[in-house]
There are 2 protein chains.
Amino acid sequence: MRQIKHPTIEQVELTDIMYALADPTRLEIIALLAKAGKKLTCGEINLNRPKSSMSHHFKILRGAGLVQTLIEGTEHMNSLRLEEIEQKYPGVLSAVLKALTKD
Amino acid sequence: MRQIKHPTIEQVELTDIMYALADPTRLEIIALLAKAGKKLTCGEINLNRPKSSMSHHFKILRGAGLVQTLIEGTEHMNSLRLEEIEQKYPGVLSAVLKALTKD
DNA sequence: TCTATTGTTCTATATTATTCGAACAATGAT
DNA sequence: ATCATTGTTCGAATAATATAGAACAATAGA
């Protein structure tokens, strides 16, 4: 059961985070993950877009260090790396999440 | 002395803010404006890039509602719209600024 | 009026990103 | 083994962005 590689929190950079969050689709994904408060499969995050498009966005979110993906069987379980990001960049992600739920 | 048009705080959208902040040059501009704590001319924000490039980035920062530019004579005085943005999206901009000064 | 200063706009180019169908890989079930 | 499921990767088309030189506009000063 090979797992996907993620950046360590030390490797995470602010510009990558900002870039990843600068897309409406990815903000939706982030918002859904935060709202769920638990791991979600890609399939459960249904934004009516092709699989390949969603996969692309997940790749960017993972690369930025915002999302962690654990492979369990055929499913990919996604969760926010909220605590880690908060520790490295206090307030950034939580403030964005708060702003997202407001709209 | 015609002034430049800016979006009202009601017109400001989170995705525009995130997009504007997803560029290293623009983050530098934001950081310098915050550090200065006062209005700066475009010339005072010297990042060793052509005027036209800088103008482009200022245009995006203005369009996102992050920067206000007042024309005074031949100079354009730039300042952060920190209070307004903080009120609409509490913590977002201040947390990013804090993260920027850390690096 | 002529000139210098400040910054924008125009234009073109190179780079990068988004999108999505199709093929592929890994796992689980029959 | 075969097939269904889940999601990634590939490839190509399209769109958006950054960059920067050149021309331009607005103002101030001599």
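Protein chains get the first letters and strands the later ones, always in sequence-line order, with residue 1 at the start of each.
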- [ ] Tell me whether the OP1 or OP2 atom of C:dT8 has a side-chain N or O from B:Arg2 closer than 4.0 Å.
- [x] no
Task: Listed nucleotide nearest any side-chain atom of A:Arg49, set C:dC20, D:dT19, C:dG7 - done: C:dC20
TODO: Confirm from the modelled atom types if A:Thr74 and C:dG28 form a donor-acceptor pair under 3.5 Å, side chain to base only.
DONE: no
TODO: List the atom of B:Val92, the atom of A:Ala99, and the distance in Å for their closest heavy-atom pair.
DONE: CG2-CB, 4.4 Å
Open item on the list: Tell me whether A:Arg26 forms a cation-pi arrangement with A:Phe58, defined as NZ or CZ under 6.0 Å from the six-membered ring centre and within 45 degrees of its axis.
Closed with: no
TODO: Nearest whole angstrom, please: distance from the C1' of C:dT9 to the CD1 of B:Ile71.
DONE: 13 Å
- [ ] Would you indicate what A:Thr41 reaches in the nucleic acid, counting non-hydrogen atoms under 4.0 angstrom: base, sugar-phosphate, or nothing?
- [x] sugar-phosphate
TODO: Could you check how far NZ of B:Lys59 sits from C1' of D:dA20, rounded to whole Å?
DONE: 15 Å
Task: Integer-rounded Å distance: C:dT19 C1' and A:Arg26 CZ - done: 12 Å
TODO: May I ask you to decide if A:Gly91's main-chain N or O and A:Glu86's side chain share a donor-acceptor pair within less than 3.5 Å?
DONE: yes
Open item on the list: Categorize A:His57 for me: base, sugar-phosphate, or nothing, with a 4.0 angstrom heavy-atom threshold over every strand shown.
Closed with: sugar-phosphate
Open item on the list: So, does B:Tyr19 get its side chain near the phosphate of D:dA18, meaning an N or O under 4.0 Å from OP1 or OP2?
Closed with: yes
- [ ] Take the protein atom CD1 of A:Ile60 and the nucleotide atom P of C:dT16, then report the distance between them rounded to whole Å.
- [x] 14 Å
Task: Under 4.0 angstrom between A:His56 side-chain N/O and C:dT18 OP1 or OP2 - done: yes
Open item on the list: I want to check one thing: is the phosphate of C:dC20, taken as OP1 and OP2, less than 4.0 Å away from some side-chain N or O of A:Ser53?
Closed with: yes
- [ ] Between B:Asn78 and A:Ser52, just flag the one whose closest nucleotide in DNA chain C comes earlier from the 5' side.
- [x] B:Asn78
Task: Whole angstrom value for the distance that separates C1' of C:dG7 from CG of B:Leu70 - done: 15 Å
Open item on the list: Distance check needed: D:dA18 C1' versus B:Lys51 NZ, whole Å only.
Closed with: 18 Å
- [ ] Round to the nearest Å and state the distance from B:Leu61 atom CG to D:dT17 atom C1'.
- [x] 14 Å
Task: Student check: side-chain heavy atoms of B:Leu70 and B:His76 closer than 4.5 Å - done: no
- [ ] Report yes or no: does A:Glu84 contribute a side-chain atom to a donor-acceptor pair with the main-chain N or O of A:Arg81 at less than 3.5 Å?
- [x] no
TODO: Please state how far atom CD in A:Glu28 lies from atom C1' in C:dT18, giving the value in whole angstrom units.
DONE: 15 Å
TODO: Please tell me which of the listed nucleotides, C:dG21, C:dT9, D:dT8, lies nearest to the side chain of A:Pro50?
DONE: C:dG21
